[in-house]
Amino acid sequence: MLELVDINKTYSTTAEAVCVLDRINLTIESGESVSFMGPSGSGKTTLLNLIGGLDKPSSGKVFLNRANLASLREGELARLRNTQIGFVFQLHYLLPQCTTLENVLLPTLARRRSEIEKNQAHKRAVELLEKVGLQKYHHVRPGQLSGGQRQRVAVARALINQPQLLLADEPTGSLDADTAQQIAQLLLELNQTEQVTLIVATHSGKLARQMQCQYRVANKQLVKIEQKKQ
Ligand SMILES: Nc1ncnc2c1ncn2[C@@H]1O[C@H](COP(=O)(O)OP(=O)(O)OP(=O)(O)O)[C@@H](O)[C@H]1O
Ligand SMILES: [Mg+2]
């Protein structure tokens with residue numbers, strides 16, 4: 001479902017050009033779970049941004065379901081991001097003035113919807129909040145939630161449009177071990193039950209090892225560390 005071909009990413013600042021990723025090739029099949037580990041600054045977030053179409057490679061191509069992201073117009077790319085990809089960021093970016101339920105529904109507001117579609121989205125948001133164990137928190141605002149609960153809202157929001165691909169950047173970074181494990185379990189369960197392809201960037205070896213396929217990002221390269229048997 002995802003293919004990276006000879007990706008190079010060089011950031012050009014006023015002073016110098018810094019190459020972060022060089023000749024990256026990667027194929028991920030639909031439904032797989034994948035982890036990227038590697039030192040701080042090695043390019044994990046950069047890689048997720050390229051995969052998710054939030055940033056463009058300096059050279060090379062990203063194919064999502066055979067569509068070359070570089071060949072899409074900005075509007076088409078935005079639509080693809082909104083409908084096919086879910087993002088969970090380390091800083092979860094929940095809107096503080098909106099309730100839990102409203103935050104989960106945010107990605108559904110990007111385009112005009114019929115009443116029927118709105119009702120379906122609402123039903124799915126309620127189901128997702130139940131799945132992440134927040135059924136009692138629909139009308140609570142992020143400020144009144146713990147870090148782990150906010151992260152679970154972010155996971156539910158990432159899945160509201162039924163994406164095929166879920167990108168999670170340090171989803172357990174700021175959480176204690178038990179809460180981190182709960183989020184890890186939740187991501188893997190959603191990977192299984194929703195058949196969503198899962199890619200996580202993390203510093204947690206424990207989280208990384210729970211994915212089918214583990215990669216290491218270092219020295220501008222991507223190296224496969226382990227592929228579990230099905
Ligand atoms: N917008 C940008 N402009 C210039 N340089 C950038 C930009 N974004 C990232 N970089 C540089 O690219 C390198 C990789 O950054 P990236 O955020 O991808 O690392 P990371 O592996 O996610 O690190 P961490 O584990 O700390 O999250 C870093 O050296 C960083 O300074
Ligand atoms: Mg990062």
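Read the numbers this way: they start at 1 and go in the same order the structure lists the ligands and their atoms.
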Between N8 and R23, is any pair of side-chain heavy atoms under 4.5 Å apart? no
Apart from L106 itself, what residues make up its hydrophobic cluster when side-chain heavy atoms of I, L, V, M, F, W and Y under 4.5 Å apart count as a link, directly or indirectly? L95, L109
Output yes when a protein non-hydrogen atom is found under 4.0 Å of atom 12 (O) of ligand 1, and no otherwise. yes
So F87 and F89, would you call those rings parallel, tilted or perpendicular, with 30° and 60° as cut-offs? parallel
For K131, does the NZ atom sit with more than 12 other heavy atoms under 6.0 Å from it, leaving out its own atoms? yes
G41-ligand 1 polar pair, N/O distance under 3.5 Å: yes
What residue and heavy atom of the protein are closest to atom 17 (O) of ligand 1, and at what distance? T45 CB, 3.6 Å
Can a donor-acceptor pair be found between the side chains of T179 and D176 at a distance below 3.5 Å? yes
Distance from atom 3 (N) of ligand 1 to nearest protein heavy atom, with residue and atom: Y11 CD2, 3.5 Å
Polar proximity ligand 1 side, G38 side, N/O cut 3.5 Å exclusive: no
Suppose I only count heavy atoms of P39 and a 4.0 Å limit; which atoms of ligand 1 are within that range? 21 (O)
So for atom OH, which belongs to Y137, do other residues, nucleotides or ligands contribute more than 12 heavy atoms lying within a distance under 6.0 Å? no
Which residue supplies the protein heavy atom nearest to atom 26 (O) of ligand 1, what is that atom called, and how far is it? S40 OG, 2.5 Å
Looking at atom 30 (C) of ligand 1, would you say a protein heavy atom lies below 4.0 Å from it? no
Please find out if the Mg ion (ligand 2) and some N, O or S atom of T45 are separated by less than 2.8 Å. yes
Quick one: side-chain contact (heavy atoms from CB on, under 4.5 Å) partners of S71, sequence neighbours excluded? N68
For R113, look at atom CZ and say whether over 12 heavy atoms of other residues, nucleotides or ligands are found less than 6.0 Å away. yes
Part of A201 within contact of ligand 1 (heavy atoms, under 4.0 Å): neither
Got the closest protein heavy atom to atom 16 (P) of ligand 1, with its distance? T46 OG1, 3.6 Å
Tell me the contacting part of H203 for ligand 1: side chain, backbone, both, or neither, using a 4.0 Å heavy-atom threshold, strictly below. side chain
